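One structure is given here, and the rest of the page talks about it.
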Number of protein chains: 2
Amino acid sequence: MEKIKLSEGAGGEMMQKMISEIILSNLENKNVNGGIGLDELDDGATIPLGKSEIVVTTDSHTIDPIFFPGGDIGKLAVSGTVNDLAVMGARPLAIASALVISEGFPKKDLKRIIKSMNKTCKEVGISIITGDTKVIEKNKFDDIIITTTGIGIAKNGEIKPDSGLEVGDKIILSGTVGDHGMAIMAHREGFGFETNLKSDVAPVWDVVEAALNVGGVKAMKDPTRGGLANALNEMASKSGVGMLIYENKIPIKEEVVAASEMLGIDPYEVANEGKVIIGVESDLAEDVLEAVKKTKHGKDAEIIGEVTDDKHVILKTSVGGKRILETPVADPVPRVC
Amino acid sequence: MEKIKLSEGAGGEMMQKMISEIILSNLENKNVNGGIGLDELDDGATIPLGKSEIVVTTDSHTIDPIFFPGGDIGKLAVSGTVNDLAVMGARPLAIASALVISEGFPKKDLKRIIKSMNKTCKEVGISIITGDTKVIEKNKFDDIIITTTGIGIAKNGEIKPDSGLEVGDKIILSGTVGDHGMAIMAHREGFGFETNLKSDVAPVWDVVEAALNVGGVKAMKDPTRGGLANALNEMASKSGVGMLIYENKIPIKEEVVAASEMLGIDPYEVANEGKVIIGVESDLAEDVLEAVKKTKHGKDAEIIGEVTDDKHVILKTSVGGKRILETPVADPVPRVC
Ligand SMILES: Nc1ncnc2c1ncn2[C@@H]1O[C@H](COP(=O)(O)OP(=O)(O)OP(=O)(O)O)[C@@H](O)[C@H]1O
Ligand SMILES: Nc1ncnc2c1ncn2[C@@H]1O[C@H](COP(=O)(O)OP(=O)(O)OP(=O)(O)O)[C@@H](O)[C@H]1O
Ligand SMILES: [Mg+2]
Ligand SMILES: [Mg+2]
Ligand SMILES: [Mg+2]
Ligand SMILES: [Mg+2]
Ligand SMILES: [Mg+2]
Ligand SMILES: [Mg+2]
């Protein structure tokens, strides 16, 4: 009898295959009013409604540990949901928050998590408008899961699907890669608090709004599970294009490089939780970059490459060679979000 | 150190207290554009948008067992979400489906659950438009949790808040009480399959649509966790009214009465998953009842009582006495949905 594997819930190729074989193939109604639905496998779905598009996205957050250097599950949940709305081109409006808590969970920890959700919501100017609470017997589960669903809004025709890239577009990355995944892994391995490794978890609506205000944005994605490698490949394959990425342009922290060497984990394959990849038409790329660099969460942004008519995402390495940046099989760090 | 108790996730008074103390008091932004938000504690929230109201509701489903007489977690998740939209007065449109699965979960069970979700969606004419998949290590959790968030739509001013009741309104119940909770409990105790006890889990949009088409509907609620007793008390207290309920009018199956006596569980306090309570203005109550009785899920509907200027929900018992039907402390059956 076939069983679900950890890797089938970790972004990347294994998850895509499982979702398409078990989920997509057994569902018949997958979109509403011709909007973006399940078949597109984008960061969220859209419901066209008059002159607007309602955008919906959902994520269950199962991260272990729930408090980690740089954040906690509450900040992660709200940020992740805000970011999936933002990269669809939608202004975040509201969040539904469903909690599954184990019996015996400390109330002070729950309070801390809710306060963190509140702070993140306030930063973006959104509200938690509905929720749910379930409690599971402590011998069956000893943690907390937060499922946040986001509702956002865009004008008709202003949605940015992953498939929007065209040859010649520039690729902007809003900041350093690998921080979240590497911080979680280092923390689990017990050397998290001695280093400066910190999760980048943050809501990046500020970055996206600044980019949209300049114009020329074709497609966006938040490089969460499966990291930069997964997100770039998804955008390229959905758009039917390739990419040339200059490795020396990819912002990365020294301590992330060090941890990645120590742990043998590829920093391009681990989750980021406060970054956005923006595909922009060439003419406006410098202007978008400049606007993004002025935002709180986009200071370290760089143009990291461009869209080509190749079939692959090619990484031009720092030493001058080229290699294919493949879609990872799965995020190497389990339960990372 | 205070810890979360099972009863704090089981509907009823304990949950309401916990939510208000830990969640509501630590959140600042709780609605959007003046719509119904967290403070109303209604079945869902609303986002006014031009001439429409977007309605949002979310529920994590943690039921144990996941396959039970009359249904499964997939049917339960879609039905529960459809029903929370319906009782807000909204036409269900779309669902976001987030899965948390344990490593080692049988793929054939997952397939069966997805097919069941598909079937229920088709019955209502809605779509699953986005989702998420996480996998947890099997030594930490050995089950599946499905969080469904529903998006529905209503015309401006046509939302039915719990607080809409007025003295003189009639209370319609769409069918028999106690079926879901009693079936789950009996099944757990090992005598489920020898009896005819079956969950009533079903999407009741047909019932609600029929009622709305007649008119006069003031308030609705699906009596899930905490059962009929919890839902009637919530509607009454939010509307600032009382109720007089005629016990001999409450539809209930013989086998539910038998099981409730055997198990010592009050059938008015356990969850229903395919029922709706409809408060209707007196003049139109008979017409609404007739329309509801013609629907698939409303055949056994009855007018069970009326709204009074009392402070309590009073049950006029079959033998002629009166007693206060109190808000239960919690649903007596844990992990019932
Ligand atoms: N259980 C599921 N049911 C339906 N669709 C799903 C399910 N799981 C994932 N999907 C869809 O697959 C696509 C990819 O999902 P994924 O969770 O990787 O995206 P994401 O939320 O942007 O990333 P992350 O979860 O790492 O933040 C999305 O379109 C999502 O709607
Ligand atoms: N964790 C939470 N955060 C915010 N609001 C919550 C939370 N849990 C519950 N609520 C709110 O409390 C109210 C009651 O929730 P409850 O889950 O009992 O409603 P329901 O979904 O109609 O019932 P059921 O879950 O039994 O189907 C709702 O308005 C809901 O939005
Ligand atoms: Mg995403
Ligand atoms: Mg996401
Ligand atoms: Mg609920
Ligand atoms: Mg409800
Ligand atoms: Mg519900
Ligand atoms: Mg996701």
Side-chain angles (χ1 to χ4, degrees), chain A residues 1-6 8-9 15 19 22-23 26-32 37-38 44-45 47 49-50 52 54 56-60 62 93-94 96 98 100-101 103-108 110-111 114-115 118 121-122 126-137 141 145 147 149 151, chain B residues 1-6 8-9 15 19 22-23 26-32 37-38 44-45 47 49-50 52 54 56-60 62 93-94 96 98 100-101 103-108 110-111 114-115 118 121-122 126-137 141 145 147 149 151:
Chain A
M1 188 179 58
E2 270 203 285
K3 298 186 168 191
I4 294 288
K5 298 179 196 68
L6 261 189
E8 287 171 319
M15 190 176 82
I19 288 174
I22 302 188
I23 297 174
N26 287 302
L27 292 175
E28 289 165 274
N29 301 351
K30 290 179 270 191
N31 69 68
V32 174
L38 262 195
I47 304 177
L49 191 80
S52 306
I54 310 299
V56 185
T57 191
T58 196
D59 268 321
S60 284
T62 59
L93 287 180
V100 174
I101 313 170
E103 181 189 5
F105 191 85
K107 286 193 176 175
K108 74 165 178 17
L110 182 57
K111 211 172 283 182
I114 301 292
K115 281 180 194 240
N118 181 56
C121 283
K122 279 180 74 183
I126 60 174
S127 304
I128 295 182
I129 59 173
T130 190
D132 184 59
T133 306
K134 298 279 149 67
V135 179
I136 295 195
E137 297 86 337
F141 178 66
I145 296 171
T147 305
T149 303
I151 311 296
Chain B
M1 187 180 56
E2 270 204 286
K3 298 187 167 190
I4 293 288
K5 298 179 196 68
L6 262 189
E8 286 170 319
M15 190 177 82
I19 288 174
I22 301 189
I23 298 173
N26 287 302
L27 292 175
E28 288 164 275
N29 301 352
K30 289 181 270 191
N31 69 67
V32 174
L38 262 195
I47 304 177
L49 191 78
S52 306
I54 310 298
V56 185
T57 189
T58 197
D59 268 322
S60 285
T62 59
L93 286 180
V100 174
I101 314 171
E103 182 190 4
F105 191 85
K107 286 193 176 175
K108 73 165 181 12
L110 182 57
K111 211 172 282 182
I114 301 293
K115 280 180 195 244
N118 181 56
C121 282
K122 279 179 74 183
I126 59 173
S127 304
I128 295 182
I129 60 174
T130 190
D132 184 58
T133 307
K134 298 279 148 69
V135 179
I136 295 196
E137 297 86 339
F141 178 66
I145 296 171
T147 306
T149 304
I151 311 296

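Residue numbers start from 1 in every chain, and the chains themselves are labelled A, B, ... in the order their sequence lines are given, proteins ahead of strands. Since we're looking at a predicted model, the values are computed, not measured.
- B:V56 pairs with exactly one of A:T130, A:I54, A:V56, A:L93 by the side-chain contact (heavy atoms from CB on, under 4.5 Å) rule, that one being A:T130.
- Heavy-atom minimum distance, B:K111 versus A:N26: CG-ND2, 3.3 Å.
- Both the backbone and the side chain of B:I23 have a heavy atom closer than 4.5 Å to some heavy atom of chain A.
- A salt bridge links B:E8 with A:K107: the distance from a Lys NZ or Arg NE/NH1/NH2 to an Asp or Glu carboxylate oxygen falls below 4.0 Å.
- Looking at heavy atoms from C-beta onward, A:K108 lies in side-chain contact with B:M1 at the 4.5 angstrom threshold.
- Residue contact with chain A, scored on non-hydrogen atoms closer than 4.5 Å, involves the backbone and the side chain of B:I136 alike.
- A:I128 touches chain B through backbone and side chain together, each having a heavy atom under 4.5 Å away.
- Between atom OG of residue B:S127 and atom NZ of residue A:K30 there is a gap of 10.0 Å, rounded to the nearest 0.5 Å.
- Of the listed residues (B:K115, B:E103, B:K134, B:K5), the one with the most heavy-atom contacts under 4.5 Å to chain A is B:K134.
- Per-residue counts of heavy-atom pairs under 4.5 Å with chain B were compared for A:V135, A:N31, A:V32, A:L49; the largest is that of A:V135.
- For the residue pair A:C121 and B:N29, the shortest heavy atom distance occurs at O-ND2, 4.3 Å.
- Contact annotation for A:I126: only backbone heavy atoms (N, CA, C, O) come within less than 4.5 Å of a heavy atom of chain B.
- For B:T58, the parts sitting under 4.5 Å from any heavy atom of chain A are the backbone and the side chain alike.
- Between B:K122 and A:E28 there is a salt bridge, since a side-chain N of the basic residue sits under 4.0 Å from a carboxylate O of the acidic one.
- Note: B:L27 leads B:L27, B:I19, B:T149, B:I151 in heavy-atom pairs under 4.5 Å with chain A.
- With a threshold of 4.5 angstrom between heavy atoms, B:I22 approaches chain A through its backbone and through its side chain.
- Most heavy-atom pairs under 4.5 Å with chain B: of the set A:A98, A:G104, A:A96, this distinction falls to A:G104.
- With a 4.5 Å cut-off on non-hydrogen atoms, B:L6 touches chain A through its backbone and its side chain both.
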